[in-house]
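First the structure, which I've put down as structure tokens, then a few questions once you've had a look.
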Amino acid sequence: MLCPTLVALVALASLSGASALAFEPHRLRLHGPQAVNSWRRRSAHQPEHKRFAVQNAGVDVRAAGSDAAQFPVYNFTQPLDHFFNTTDATFPQRYWVNTRHYKAGTGAPVIVIDGGESPGDERLPFLDTGIADILAEATGGVGIVLEHRYYGDSVGVANFSTDNLRWLTNEQALEDSANFMRNVKFEGIDEDLTAPGTPWIYYGVRLVCGARSAHMKVLYPDIVYGAIASSGVTHAAITNWEYMDVIRLAANKTCSGNLVQAVAEVDKLLQSPATHNQTRALFGLTGIVHDDDFVSTISDPLGAWQNKNWDPSINDNSFDEFCDAVAANTTGARGNSFVTAPGGLNVSQGLLNYANYIKTNIASECDPSEQESCFGSYDTASYQAVGLEESWRLWTFQYCTVWGYLTTSPPDSKRPSILSNLLDLKYEHKICEQAFPPGKFFTVPALPNITDVNRLGNFAIAADRLAIIDGEIDPWRPDTPHSQYYAKPRPDTTTRPFKLIPGAVHHWDENGLADHSAEPSEIKTIHEQEVAFVQAWLKDFKKPANTTA
């Protein structure tokens, strides 16, 4: 869910920074047109100058209010096109620096956090008490957050049209990082800290920037001394049914079983004219025209699973609240028995619980007369605004062109599912055609060109001083080198760390507490392990002969 708590919104609304609401895919329904609908609903009542705060709901707000002042923003000029001479335009790439632990003249490293698919100031808590600060303190190094092109204020185009997004590619972003590492001069630091004369440790987390960390180590081994890929999806896929399967298997068993049964019941009830409208009414969603939009809307709470965190101050517990509601009154001798619902439908108690939750928490966001505009996805014109405030277009463009991950029901109809069989590839992909009509210079491919990612190593990506860190019950794990569905086991060594955090969801190693002794044991352990292998790597660093001191 985008807005787990009002407290988080209020705290973050006080920050200065980006002026428009950013589309943060990890706080919303995953992909497809309903992701954009969710973004619009949850931002509709935010004043323009506060909208940027919404995407940050769920980040570490304890330090966020002071971080903007503590870590002033700098700009590094980047070419919009590094490779093809299609434009001479440049853009200011924002970055933030933590020098509190820096020990000059010791050969200490630079630890850079890839900002990923959200404004870079979202990462500032991790520069303050999280992984960048932890590694900098242990090594006497410098911590950096580097904002991704097109996100936050690192924008070099007038709007987000199809043509203007053609430079939003993994290759261009990789070269941004390389160019920065080779040439940046840090204010207040006299010595040259550029790569390869200084060891740079590249840290990427969450989806694409996690994968990019691994890609940086493989493609730029001369300047990336070490890299940590946390929750990095090094495997791109057209469909991503495994995401929901992880949730099904890891969630409370009563809730999960009720959801599987409820989804099967809904699919069957929608097929019959006698029960179709009654089923819609049970969920309070009579105003939606198309059945696929209806079942997509009622799956909205499922994406909140990945926002679970070990730190209660930033944990989003909305999935657990949803699951508790679905499981209510279905244990014991009675179990998930059938009941007569309002309107006379004979449904399982779990389905009735599910419907009541959606009716109260999602359907209520829009009046029935407005539900088609709120939850419907067949008005193509509504997805074609290209202003810079339409930041949802960025990640949507990225997954439509290369990454994929369109979340559908399983291809095997016999496999239990918490997602309706109506959510197929055609439905989830249509936003790519609706939002990005062919431009003069660029056309979005018919399906994402996942080969561009997978050729870089896929599940088997590996290199010396490349660490792979994942969560045991992360719904993105199936697309990482720790995939329980497709990847092969590999050893965990100091040179090539391969760590799976027990009971962890998404990028649980990134944040930390000011008092690290208060962290849960599994988090203290992974942080200690990261410090240990980075320190071991640094012992082997040798400054290249052709660099100056």
- Task: Evaluate the ring planes of Phe180 and Tyr95, with Trp represented by its six-membered ring, and classify them as parallel (under 30°), tilted (30 to 60°) or perpendicular (over 60°).
- Result: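 Plane angle over 60°, so perpendicular.
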- Item | N/O donor-acceptor pair under 3.5 Å between Asn309 side chain and Asn315 backbone |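 Side chain of Asn309 to backbone of Asn315, a donor-acceptor pair under 3.5 Å: no, none is there.
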- Return yes if a side-chain donor-acceptor contact under 3.5 Å exists between Gln78 and Asn179, otherwise no.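 Looking only at side-chain atoms, Asn179 and Gln78 do form a donor-acceptor pair, the distance falling under 3.5 Å.
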- Task: Establish, from distance only, whether the side-chain atoms of His148 and Asp114 form a donor-acceptor pair under 3.5 Å.
- Result: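 On atom types as modelled, these side chains do not qualify, holding no pair under 3.5 Å.
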- side chain to side chain donor-acceptor pair (under 3.5 Å) involving Asn454 - partner list, sequence neighbours excluded: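 If we apply the side chain to side chain donor-acceptor pair (under 3.5 Å) test to Asn454, skipping adjacent residues, there are no hits.
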- Task: Evaluate the ring planes of Trp392 and Phe436, with Trp represented by its six-membered ring, and classify them as parallel (under 30°), tilted (30 to 60°) or perpendicular (over 60°).
- Result: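 Correct class here is tilted.
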- Heavy-atom check, side chain of Pro497 versus side chain of Trp537, under 4.5 Å: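 A side-chain contact under 4.5 Å exists here.
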- OG1/Thr407 to CG/Leu302 distance, rounded to the nearest 0.5 angstrom?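 It comes to 10.5 Å.
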- Message: Testing the basics here: between His82 and Asp176, what is the closest heavy-atom pair and its distance to 0.1 Å?
- Response: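 The answer is NE2-OD1, 2.6 Å.
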- Query: Taking only residues two or more places apart in sequence or in another chain, which ones pass side chain to side chain contact (heavy atoms under 4.5 Å, CB included) with Ile189?
  - Reply: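 Ile189 satisfies side chain to side chain contact (heavy atoms under 4.5 Å, CB included) with Thr99, Tyr102, Val142, Phe186, Glu191, Leu193 only.
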- Query: Does Asp81 come within less than 4.0 Å of Arg166, counting only side-chain N to carboxylate O?
  - Reply: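 A salt bridge is absent here (no side-chain N lies under 4.0 Å from a carboxylate O).
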- Main-chain N/O of Trp403 paired to Gln398 side chain as donor or acceptor, under 3.5 Å: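 It does not hold such a pair.
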- Please answer whether the main-chain N or O of Arg477 pairs with a side-chain N or O of Thr480 as donor and acceptor at a distance below 3.5 Å.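 Pair found, side chain donor or acceptor close to backbone of Arg477.
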- Query: Would Arg149 and Glu175 count as a salt bridge (charged side-chain N to carboxylate O under 4.0 Å, His left out) if you check the C-alpha gap in whole Å, the side-chain angles of each, and the deciding distance to 0.1 Å?
  - Reply: CA-CA 11 Å; Arg149 60 169 46 214; Glu175 186 61 26; over 6 Å; no
- Residues that Ser230 engages under side chain to side chain donor-acceptor pair (under 3.5 Å), provided they are two or more places apart: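 Applying side chain to side chain donor-acceptor pair (under 3.5 Å) to Ser230 gives Asp509.
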- Mind checking whether Tyr399 and His31 have parallel, tilted or perpendicular rings, split at 30° and 60°?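 Rings of Tyr399 and His31: tilted, 30 to 60°.
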- Query: Under a 4.0 Å N-O cut-off, is there an ion pair linking Glu528 with Lys499?
  - Reply: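 A salt bridge is absent here (no side-chain N lies under 4.0 Å from a carboxylate O).
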- Query: Pick from Thr234, Val453, Asn170: which one makes a side chain to side chain contact (heavy atoms under 4.5 Å, CB included) with Arg212?
  - Reply: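 The passing option is Asn170.
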- Query: Do Leu513 and Asp311 have side chains that get closer than 4.5 Å, going by heavy atoms?
  - Reply: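 Of all side-chain heavy-atom pairs linking Asp311 with Leu513, at least one is under 4.5 Å.
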- Message: Looking only at the side chains, is there a donor atom on one of Tyr203 and Glu510 sitting less than 3.5 Å from an acceptor on the other?
- Response: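 Side-chain D/A pair, Tyr203 to Glu510: absent.
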- Message: For Glu242, run the side-chain hydrogen bond (donor to acceptor under 3.5 Å, both in side chains) check against Tyr486, Tyr485, Trp476 and tell me which one passes.
- Response: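 Passing option: Tyr486.
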- Item | Salt bridge present between Arg94 and Asp153 (N-O < 4.0 angstrom) |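 Looking at Asp153 together with Arg94, the answer is yes, because their closest N to O distance falls below 4.0 Å.
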- Task: For Leu127 and Ala132, work out which heavy atoms get closest and say how close.
- Result: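 For Leu127 and Ala132, the tightest heavy-atom pair comes out as CD1-CB, 3.9 Å.
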- Flag the pair Ile228 / Phe533 as yes when at least one side-chain heavy-atom distance between them is below 4.5 Å, and no otherwise.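 Side chain of Ile228 against side chain of Phe533, heavy atoms only: contact under 4.5 Å found.
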